[in-house]
Number of protein chains: 2
Amino acid sequence: MTDPAGPPATPTPPTSAAVARRAGVSRATVSYVLNGRAAGRVAAHTQARVRAAAEELGYVPHAAARSLRAGRGSIVLMAAPADAVPAFGPLFSHFLAGFQSALHHLGYTGVLHGAPAASPVAAARAWAELRPAAVLALHGPPLDAPAVELLRRAGTAAVLTHGPQAPPGAHALFLDHREAGVLAGEHLLARGRRRIGVVLPAEPGLAAFAGSRLAGVRAAAAGCPGAEVRPLDLALTEESAARLAAAWPALGLDAVFAYNDEYAMLLMRALQDAGRTVGGDPEQIAVVGADDLLPARLLRPRLTSVRTEIAAPDRIAGLVDGLVRDPAAAPAVHRLGTFRLMARDSS
Amino acid sequence: MTDPAGPPATPTPPTSAAVARRAGVSRATVSYVLNGRAAGRVAAHTQARVRAAAEELGYVPHAAARSLRAGRGSIVLMAAPADAVPAFGPLFSHFLAGFQSALHHLGYTGVLHGAPAASPVAAARAWAELRPAAVLALHGPPLDAPAVELLRRAGTAAVLTHGPQAPPGAHALFLDHREAGVLAGEHLLARGRRRIGVVLPAEPGLAAFAGSRLAGVRAAAAGCPGAEVRPLDLALTEESAARLAAAWPALGLDAVFAYNDEYAMLLMRALQDAGRTVGGDPEQIAVVGADDLLPARLLRPRLTSVRTEIAAPDRIAGLVDGLVRDPAAAPAVHRLGTFRLMARDSS
DNA sequence: TTGAAAGCGTTACCAA
DNA sequence: TTGGTAACGCTTTCAA
């Protein structure tokens, strides 16, 4: 490959200057034309020439140079779960797709960034280097005040974190897992259950959510004399579930909220294998899951589940856009979604 | 908030020039110190002063400016599935976490980018704007030659796409789904099955994989006289599965490779609800899934599954790093993983 | 209608 | 041991 004219792997990417040379105009003209700011400034045939030159050269603008000059980038950074894998459920994936698309229409570039971070501040520093227009921390530990401050000082217009409250300078997106617990608890109580187990997953990263759900069940039970709530440790393995099932008689529970459809399926199977029956009749054990996954509907009995209804992706995208445009907007807590109970045969 | 000294949201982020002023040194010195290139150049106490100044100002280097100057960015872009949601299985999530971490140790910033793209070239253009060091297209349609060329011309050192072969200028990461089909087919044939159905998911984005898996089963059957293979359309809904189960007698199949554990679970349940029994005995219907998901082991009978063993994340990260360092490396096809059959009770 | 030039934040080179 | 300066690619203001 000694052809000096067009090597397949160009050593240096074409710049707007190269386009200008080829079209016989100035760099300024190129910029105007390619950014649609040429109306009434540049002759139509000149525009055509510029576009053709750009096309032929395979010119692509350099986002870094652009945002350097503009003083602000257009990327919206989302913190990806680094190790807490289970967070990537189909729910979140689906939300993500819609969200990215909505951001795109608003002129942003949505990007998932998952670097292993020793601390929230370390993560914030890594994110800040990219000078994003906005940062959303939807997973892992919520951003704390120092992390938010770092991001704000680095020029991030909008900082959003999940969690019940917004640190100074940030906004919060809140999915109140307590509500899930309340729904499950009230449902079970209404069906006459009084001794309710609540699964606390052994897997790390889920502890915060699990705690809230437990609190929700407790809150529901508080209004019902004679009701008892008992936390249960469970790992996502068949051994762990078998152990819990073996201990069941000693526990004397008549119902369980299993955090999750996965934990629920696991436990339900273990209980059945241990000779107990699961279902809605008083002498059976009632089981409630969450997330309303498809496989859980395939079990017999069909699993009752607390479904998460996440807010419309474009609503959140609009919110982010608004915050970017008005960085000084008063911090607030925004609902990220709600829960709904899908009653089926297991309770 | 009229305090002119320290507004919480700084209007302009601190620059290296600000750090230099505060420390009473030049910008060059700041650069040396903060990049660890100061050994033997800058006095220890000067270094301390610079670091202190940076700390106090909350200085974070500007990635865009850095990569502008360096001529090359350090981000590794991974194409995220924009709409083909199912790709985000636990397998991929787990790989991703390890991969990001490995990239981080090599000095890269791994980033998932999922913009809605009208075509591969449009996607490539969006990616090229970020001037990434490397691009990995692990989902969706493989990159075609024009897309690769665009990226290469934009200076992307390493372009990797999934698929059986590498377009000019790109490398390929290949997970040969045919092998999964072969494994499933051979397994079923060895168990005496001769009339094998293969599920083709109705969901788009899976067609390519499904086709390969079907081809694999066909290849296995080709070596076995009397064996027949029949494709079956199935959507991921209970209605679709019920319809297929109802048609079963007419199909006269004694085995099915269901693409996926999810499809397998769905179909297995539908068959059972229609009064057929699933299992390894000759008069039962044999069902094989794939991906070896936990819930599939909870069904009765336990589901036989083809497990995907993805390559170690740090091996892939090392590969990418090598390609970035040597952009002219001869394109090759690299195995992304292998398959293994986990025989259980359903076949 | 077009061109020239400045400046965004960083780093590498060369001079002091 | 340190500082000045130029250059990366782009947008934008001002002048022609």
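These numbers come from a predicted model, not from an experiment. Each chain gets a letter, A, B and so on, in the order the sequences are listed, and its residues count up from 1.
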- Item | Integer-rounded Å distance: dT12(D) C1' and Leu34(A) CG | 16 Å
- Under the 3.5 angstrom rule, does the side chain of Arg49(B) hit a backbone N or O of Ala23(B) as a donor-acceptor pair? yes
- Task: Check every strand shown and say whether Ala28(B) touches a base, only sugar-phosphate, or nothing at a heavy-atom separation below 4.0 Å.
- Result: base
- Note on the structure: Rounded to whole Å, CG of Asn35(A) lies from P of dC10(D) at a distance of 10 Å
- Item | side-chain N/O Arg37(A) vs dT12(D) OP1/OP2, d < 4.0 Å | yes
- Pair Arg37(B), Tyr32(B): side-chain N/O donor-acceptor within cut-off below 3.5 Å: no
- Message: Between Gly40(A) and Ser31(B), which residue's closest nucleotide on DNA chain C lies nearer the 5′ terminus?
- Response: Gly40(A)
- Which residue lies more 5' along DNA chain D, comparing Thr46(B) with Ala70(B) via nearest heavy atoms: Thr46(B)
- Taking CZ from Arg41(A) and C1' from dA4(C), how many angstroms apart are they, rounded to a whole number? 15 Å
- dT10(C) base to Arg69(B) side chain: any donor-acceptor pair below 3.5 Å? no
- Only one of Val148(A), Leu130(A), Val135(A) clears side chain to side chain contact (heavy atoms under 4.5 Å, CB included) with Thr156(A); which? Val135(A)
- Message: Counting only side-chain nitrogens and oxygens, does Ser26(B) get under 4.0 Å of the OP1 or OP2 atom of dT2(D)?
- Response: no
- Message: Tell me whether the side-chain N/O atoms of Thr29(A) come closer than 4.0 Å to OP1 or OP2 in dG3(C).
- Response: yes
- May I ask you to verify if any side-chain N or O of Ser67(A) is less than 4.0 angstrom from the OP1 or OP2 atom of dC10(D)? no
- Under 4.0 Å between a Lys/Arg side-chain N and an Asp/Glu carboxylate O for Arg153(A) and Glu149(A)? yes
- Query: With a 3.5 Å cut-off and just heavy-atom distances, do the side chain of Tyr32(B) and the base of dC13(C) make a donor-acceptor pair?
  - Reply: yes
- Item | Below 4.0 Å: OP1/OP2 of dT11(C) and any side-chain N or O of Arg66(B) | yes
